[in-house]
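A short write-up of the structure that comes next.
Model, not experiment: these values are computed from the prediction.
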Amino acid sequence: MAKYDFREIESRWQRTWDERGTYRVPNPGDPGFDDTKPKKYILDMFPYPSGKGLHVGHPLGYIGTDIYSRYHRMRGANVLHPMGFDSFGLPAEQYAVDTGVHPAVFTERNIENYRRQMKAFGFSYDWDRSVATTDPGYFRWTQWIFLQLFSSWFDDELNKARPISELVNELEAGHRSADGIMWQNLPVADRRSYLDSQRLAYIDEVPVNWCPALGTVLANEEVTADGRSERGDHPVYRRPLRQWMLRITAYADRLIDELDLVDWPESVRIMQRNWIGRSEGAHIVFEVEGHVSPIRVFTTRPDTVFGATYMVLAPEHPMVDEIIPPAWPDGTKPSWTLGIANPSDAVGAYRMATSRKSDRDRQVDERQKSGVFTGTFALNPLNGERIPIFIADYVLMGYGTGAIMAVPGQDPRDWEFAESFELPIIRTVQPPQDFDGDAYTGEGPAINSGFLDGLDVAEAKSRIIRWLEINGHGEGTITYKLRDWLFSRQRYWGEPIPILHGPDGELRAVPEADLPLELPEVEDYRPHASDDENADPTPTLAKAPDDWKYVEIDGIRWERELNTMPQWAGSCWYYLRYIDPHNDAVLVPPEAERYWMGEHGVDLYVGGVEHAVLHLLYARFWHKVLFDLGHVSTPEPFGRLFNQGYILADAFQDERGVYVEADEVVEVDGTYTHKGEDVTRVYGKMGKSLKNSVNPDDIFIEYGVDTLRLYEMFIGPLDTSRPWSTRDIVGVHRFLQRLWRNFVDEETGDLLVSDELSTGDLQVLLHRTIDAVTRDMENLHFNTAVARLFELNNALVSEPLVPADVASVVPRLLAPLAPHIAEELWFRMGKAESIVTAPWPVFDENLISVETTTMVIQVNGKVRDRIEVPVAITESEAVALALVSAKVLAHTGGAEPRKVVARLPNVLSIVV
RNA sequence: GCCGGGAUGGCGGAAUGGUAGACGCGGCGGACUCAAAAUCCGCUGAGCGCAAGCUCGUGUGGGUUCGAGUCCCACUCCCGGUACCA
């Protein structure tokens, strides 16, 4: 008996590969390292090890990178293909709160489970290089990078980060001033706060999303559109808080410009550009009637300033209180006042009304513009016109200067506001003749604009900016949507921020020698939750024992920073640690870093598109800082990015819309029931929220790993989402069964391989398959690679014995896709070395050509006949053959061709 | 609204401007079997036709071309991102 016993074959080879260390790869300088080989660094986005384990949808990308890695090993590359765990995060902490089990214990258990599941997929990871972000030996270096950020500043002139000690040197030498003040003239305390304000990691008071019920601030992406926490649906409040910030905005231009250096999906590059939101324009300074300090606005359309007929401040704008007069001035229209007797009360009432609005309320308001007059006028610097100053919530404090000049003629929002408040509208760009809309935002010559009249928009912009700068009324500028990165969390299960606070507010880095700064034991992991929105966000680490919280240095008591880092921190640099994960002397040794990250960084990075902005932007930012400081050798971390799709599956909802376990649903004649109740079929991403997960273990038992791998690759291109259908798996399983029977006699176990080489059509097919599969491997087109192997395998069914050349090639072409069966056949054919490092087959160009082929004959563009012709046929021969074809004659009526187009030997097109 | 991406048989999907639907699932018919499963063979876009064959056919409508799923213009719908960003 020698049936295809996939369970035995797969478990035996997985064990063997593990024992032999087949997938271990040495670093430069290590024994066994071969520096004549090219390198490939092939990386997966590492997972958060959840308690639920993997379902069949998770490893789609991992299968893809595994195939690509195996292919490149066979092509003779040194392949770095590691896997690790992004193991800090809220679920572990919540589990600890619920069960009393320490997050570290829970995390370790989940990691072990993940590792076991991934090994069962036969992935060729070098597990010796695995990292977990929660390991002290790992987060020691996360903390170290934080200290690099803390100890650096951004030199705008050189457009790069530099050690802050160099700033101090330049200040002391008088080559620079501190905001215009000579260093020597600055009091010592001010020197310190000036330096602190320059660091890439700094403390600032900023408006944050504070969720008292969860007891932490949240990132914007953790807050839903209606202003509640994504986790738990608790209210979230905007309030100013002193928090750690990272100066990612300093890198805004490089983060945009250097996207040109990478081979990424265009959609992701656009998403990053939009997220950074660079817009070029100008600041324009408007004098305020009766006041000393002017108001500065940002606009992308300085060319339209002659049409600025009013001005709007955000309700929270700090200037508002200064400029409100005691009474409404002359010229106040009734519609501007909310019907309230004086400006102060009107502004107060408007603020009350809008501050209670959540972001969603502002949206479903259908963009109805509301606002109120402040009672004060500004002066248009170009034409001296008095223009009323309003506050309105359509102007946001968080963007630009929180103040705008309103040009209703060119801006739809301003137009709408102007109409409801009876404000004048002046067009400053001539719309085309057929334009019948309101605000015109397109191109055209300037009108009603004094010295700008007749200029097109671009020219008018540069002319007015020059005028503003010469006359001291403003300057060209650039603003960004990107904000600095709010980096502190009040949670327990994260990296402690390694900073000490002195009694007088001095900040000091924990000495490198004291890293890692580990988390203290606490009795209660619960965050300091409260239902009082005014409660101070107290970090969970405030519950740490005093001997952790306080450090005595030279008789002075320093307090530890009690905030922890957000979950993004550890994933910002893990790809560097894989290079030498156990090195406790440096983050990454330079020689190995230059080898593995050489040229373009990671050669292939595969993961879900949901990380298009956050993780990928944060990681690029950290990498650039490390690059500036000389710790890495490439400006970009990930040379080539690929987004895999998702596995989708049917899901089922009961009458209340609640999801029910999909594998308990039964179908009878197109209707679906769950425990007797009718349910509705829907469709979505596989996962626990839709209760439609398929456990890979079930598939392994019934069909084996190779089948599952092939199936997931076969059902569609790697970058598109595709539906899971357990029914369809049999197709690929049959393929492997058939392949086995082609090679092995199931009765005797004898190999059915001959000594003869293939000839004729089979030989041509063999070499064409090598060619096609090779190209598919390069392009990650694994679905068509599988299909090619199906075809070749089907051709073998009619052969009594597999010809020797075919027998040598087929397992090797299959090895990246279905490594276990390929290794087994290779072994049975008597090969001493593992197929993992067997050379990838090369096709023979001379053997893919055939002598005859099918020529299509078209008459007036329609296919009328197909005839077998020699590939070397000439045009006159082809035409002669075509004109005697009965099928062709039926359509030409024997007429002479008026025109002949030949793409020989495949197509002959005749026009009559 | 704006920015991306997409739409091909019953289903998943293939197709450097050159034979649309490779490959697989499902379906139909047959072989083997007492029977079933497994396996093997054949057919399987739609319509018309006894047949040879003909007509139609890649979301819709136009266009370029000897020839368009593929290129161009206009539109519909679906998916993703983003949203009062001045």
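The side chain of Val797(A) lies closest to C41(B) when the candidates are C25(B), C41(B), C54(B). Among the nucleotides C84(B), C23(B), A86(B), the one closest to the side chain of Lys369(A) is C84(B). Comparing atom distances between the Ile270(A) side chain and each of C3(B), C25(B), G18(B) picks out C3(B) as nearest. In this structure, of A20(B), C23(B), A86(B), it is C23(B) that holds the atom nearest to the side chain of Ala787(A). Ranking G12(B), U19(B), C66(B) by closeness to the Phe714(A) side chain, first place goes to G12(B). When each of A14(B), C66(B), C23(B) is scored by its nearest atom to the side-chain atoms of Val911(A), the top-ranked nucleotide is C66(B). The side chain of Arg903(A) lies closest to C66(B), out of A86(B), A22(B), C66(B).
Look at G30(B): its glycosidic torsion is beyond 90° from 0, and that puts it in the anti range.
Nucleotides U58(B) and A7(B) place their P atoms 13 Å apart, quoted to the nearest Å. Nucleotides G67(B) and C56(B) place their P atoms 15 Å apart, quoted to the nearest Å.
Look at Asp5(A) and Lys3(A) and you find no salt bridge, because none of the NZ, NE, NH1 or NH2 atoms lies under 4.0 Å from a carboxylate O.
At a cut-off of 3.5 angstrom, the base of G5(B) holds no donor-acceptor pair with the side chain of Glu266(A).
Residue Arg273(A) places none of its side-chain N or O atoms closer than 4.0 Å to OP1 or OP2 of G4(B). Remark: Arg727(A) is not in phosphate contact with G10(B), judged by side-chain N or O atoms under 4.0 Å from OP1 or OP2. Between A22(B) and Asn783(A), no contact under 4.0 Å exists linking OP1 or OP2 to a side-chain N or O.
Mapping Gly277(A) and Ser725(A) onto RNA chain B by nearest heavy atom places Ser725(A) at the nucleotide closer to the 5' end.
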